[in-house]
Amino acid sequence: MKRDALINWNAPVRTIGIEHNADGTPIRDPFKSVWTLKGMSPVFAGRDAIAWEGENERQALWFERFVRRAFLIAPQPEIIWFEVDGYVVGHIPDFLVQRPTGTARVGVKGLTAFAFAPWTSDKLRAITRAYAQKGLLYEPVTAMDLRRPPLADAVDEIWRARRVRFEFDDRDHVMKALKSGPITLGDVHSVLGAGDPRRALALHAQGVITIDVTSSALGSASKVVAGNLDLGRYSGELP
């Protein structure tokens, strides 16, 4: 931390290289950390749970699944080495994420990082530039991004509904209604008929449909399309 405070993170960067473990395991074991809450989240049904450190990382996993529609996430995948302001710096992204629209490295930062290290935003921008030199995308995500309404509320509702049971007929009826184009969430509820209305959110969670949770608050007027579509970036400008 003391060295980071001395570095001019706005200086040009020179990427040295990226290291991975030969066996594909995380470059650093998150469970060796004793200072943060950690756990495993079953983000994808039928696959191994994904390790996370801290509540912000746990939330980011579900944002990736429900907003960016990620289909593969690997924790602590690599370390990138780069030079900036005469210093050699290493950084381990929190997740390697594969989305329908491409692959990204994601770094998650909590509020305390910005409070106690005012250079954090500049450091994250330097990391972004270092990855860009290799033609790779790095996306910083902050605790503010993960709590910004109405999107955060929508992700929470979908997360709570992710295990609600729906029948094959439910899926077939909704997909038939979508054949002619987008409909609204209210239309989906009408198609599903009597029963738990959270079935519509479960269909989104399972990737059968995609509800537009980014344009406005989740409600009956929310646009719905067929399939597992990436809804775009949920992180904003760095503070």
Side-chain angles (χ1 to χ4, degrees), residues 1 3-4 7 9-10 13-33 35-41 43-44 47-84 87-114 117 119-146 230 232-239:
M1 172 113 19
R3 187 189 71 156
D4 283 5
I7 297 175
W9 295 102
N10 294 310
V13 303
R14 180 180 68 85
T15 304
I16 299 169
I18 300 174
E19 294 181 19
H20 308 83
N21 283 339
D23 59 1
T25 56
I27 202 79
R28 177 174 63 82
D29 184 355
F31 285 93
K32 289 185 177 179
S33 170
W35 299 110
T36 59
L37 175 70
K38 43 197 170 290
M40 304 282 287
S41 286
V43 180
F44 303 105
R47 298 193 223 164
D48 291 340
I50 301 167
W52 48 264
E53 283 184 279
E55 178 62 14
N56 292 317
E57 286 190 18
R58 187 195 69 80
Q59 287 184 298
L61 287 173
W62 296 107
F63 269 70
E64 286 295 328
R65 180 69 188 92
F66 298 147
V67 181
R68 299 309 308 262
R69 312 305 261 165
F71 54 86
L72 183 66
I73 302 176
Q76 314 277 344
E78 62 200 16
I79 181 168
I80 184 171
W81 294 100
F82 62 95
E83 183 179 358
V84 58
Y87 294 87
V88 174
V89 177
H91 174 74
I92 301 173
D94 295 305
F95 302 111
L96 173 66
V97 181
Q98 292 188 22
R99 305 162 174 158
T101 50
T103 302
R105 279 78 178 163
V106 174
V108 184
K109 287 294 181 184
L111 295 173
T112 54
F114 297 93
W119 56 85
T120 296
S121 290
D122 291 337
K123 181 178 180 179
L124 292 172
R125 293 186 185 101
I127 296 166
T128 302
R129 298 197 304 276
Y131 268 112
Q133 286 188 6
K134 291 292 186 179
L136 301 172
L137 176 64
Y138 178 82
E139 289 188 358
V141 172
T142 70
M144 295 81 83
D145 297 323
L146 300 170
D230 186 343
R233 186 166 181 168
Y234 57 87
S235 53
E237 294 296 323
L238 290 168

I need the minimum non-hydrogen distance between Ser121 and Pro239, along with the two atoms involved. OG-O, 2.6 Å
Output, in order, the C-alpha distance, side-chain angles, deciding distance and verdict of side-chain contact (heavy atoms from CB on, under 4.5 Å) for Val141 and Tyr234. CA-CA 8 Å; Val141 172; Tyr234 57 87; 3.7 Å; yes
Which heavy-atom pair separates Ala126 from Val13 by the least distance, and what is that distance? O-CG1, 3.9 Å
Should Ile127 and Phe82 count as side-chain neighbours, where that means a heavy-atom distance under 4.5 Å? yes
Taking side chain to side chain contact (heavy atoms under 4.5 Å, CB included) as the definition, give me every residue that meets it alongside Asp230, ordered by chain and number, with sequence neighbours left out. Arg68, Arg99, Pro100, Thr101
With rounding to the nearest 0.5 angstrom, report the CD to CG distance, Glu64 to Leu61. 8.0 Å
Test log, rule side-chain contact (heavy atoms from CB on, under 4.5 Å), inputs Tyr131 and Ile80: CA-CA 8 Å; Tyr131 268 112; Ile80 184 171; 3.7 Å; yes
If you apply the rule side-chain contact (heavy atoms from CB on, under 4.5 Å), what do you find for Ser41 with Trp62, and how did you get there? CA-CA 9 Å; Ser41 286; Trp62 296 107; 4.1 Å; yes
ring-ring contact (aromatic ring centres under 6.0 Å, His included) involving Phe95 - partner list, sequence neighbours excluded: none
Residues Pro26 and Asn21: closest non-hydrogen pair is O-ND2, 2.8 Å
Are the side chains of Lys109 and Phe114 in touch, meaning some heavy atoms are under 4.5 Å apart? yes
CG on Leu111 to CG on Asn56, rounded to 0.5 Å: 7.0 Å
Using 0.5 Å steps for rounding, measure from the OG1 atom of Thr142 to the CD atom of Glu237. 11.0 Å
With side chains defined as the heavy atoms from C-beta onward, is the minimum distance between Val89 and Arg3 less than 4.5 Å? yes
Which residues share a side chain to side chain donor-acceptor pair (under 3.5 Å) with Thr15, sequence neighbours left out: Gln133
Return yes if some donor-acceptor pair links the side-chain N/O of Trp9 with the main-chain N/O of Thr120 below 3.5 Å, else return no. no
Is any side-chain heavy atom of Pro77 less than 4.5 Å from a side-chain heavy atom of Pro93? yes
Let me confirm one number: the CG-CD distance from Asp94 to Glu57, rounded to the nearest 0.5 Å. 4.0 Å
All heavy atoms of Pro75 vs all of Ala51, minimum pair found to be CB-O, 3.6 Å
Of all the heavy-atom pairs spanning Ala143 and Gly110, show the shortest one and how long it is. CB-CA, 4.0 Å
When rounded to the nearest 0.5 Å, the distance separating CD1 of Ile16 from NZ of Lys134 is 10.0 Å
Rounded to the nearest 0.5 Å, what's the gap from CH2 on Trp119 to CG on Asn10? Could you check? 14.0 Å
Result for side chain to side chain donor-acceptor pair (under 3.5 Å) between Tyr138 and one of Arg105, Arg129, His91 points to His91
Stepwise side-chain contact (heavy atoms from CB on, under 4.5 Å) check, Ile50 with Phe44: CA-CA 9 Å; Ile50 301 167; Phe44 303 105; 3.9 Å; yes
Considering non-hydrogen atoms only, spot the tightest contact between Ala60 and Leu146 and give its length. CA-CD2, 3.9 Å
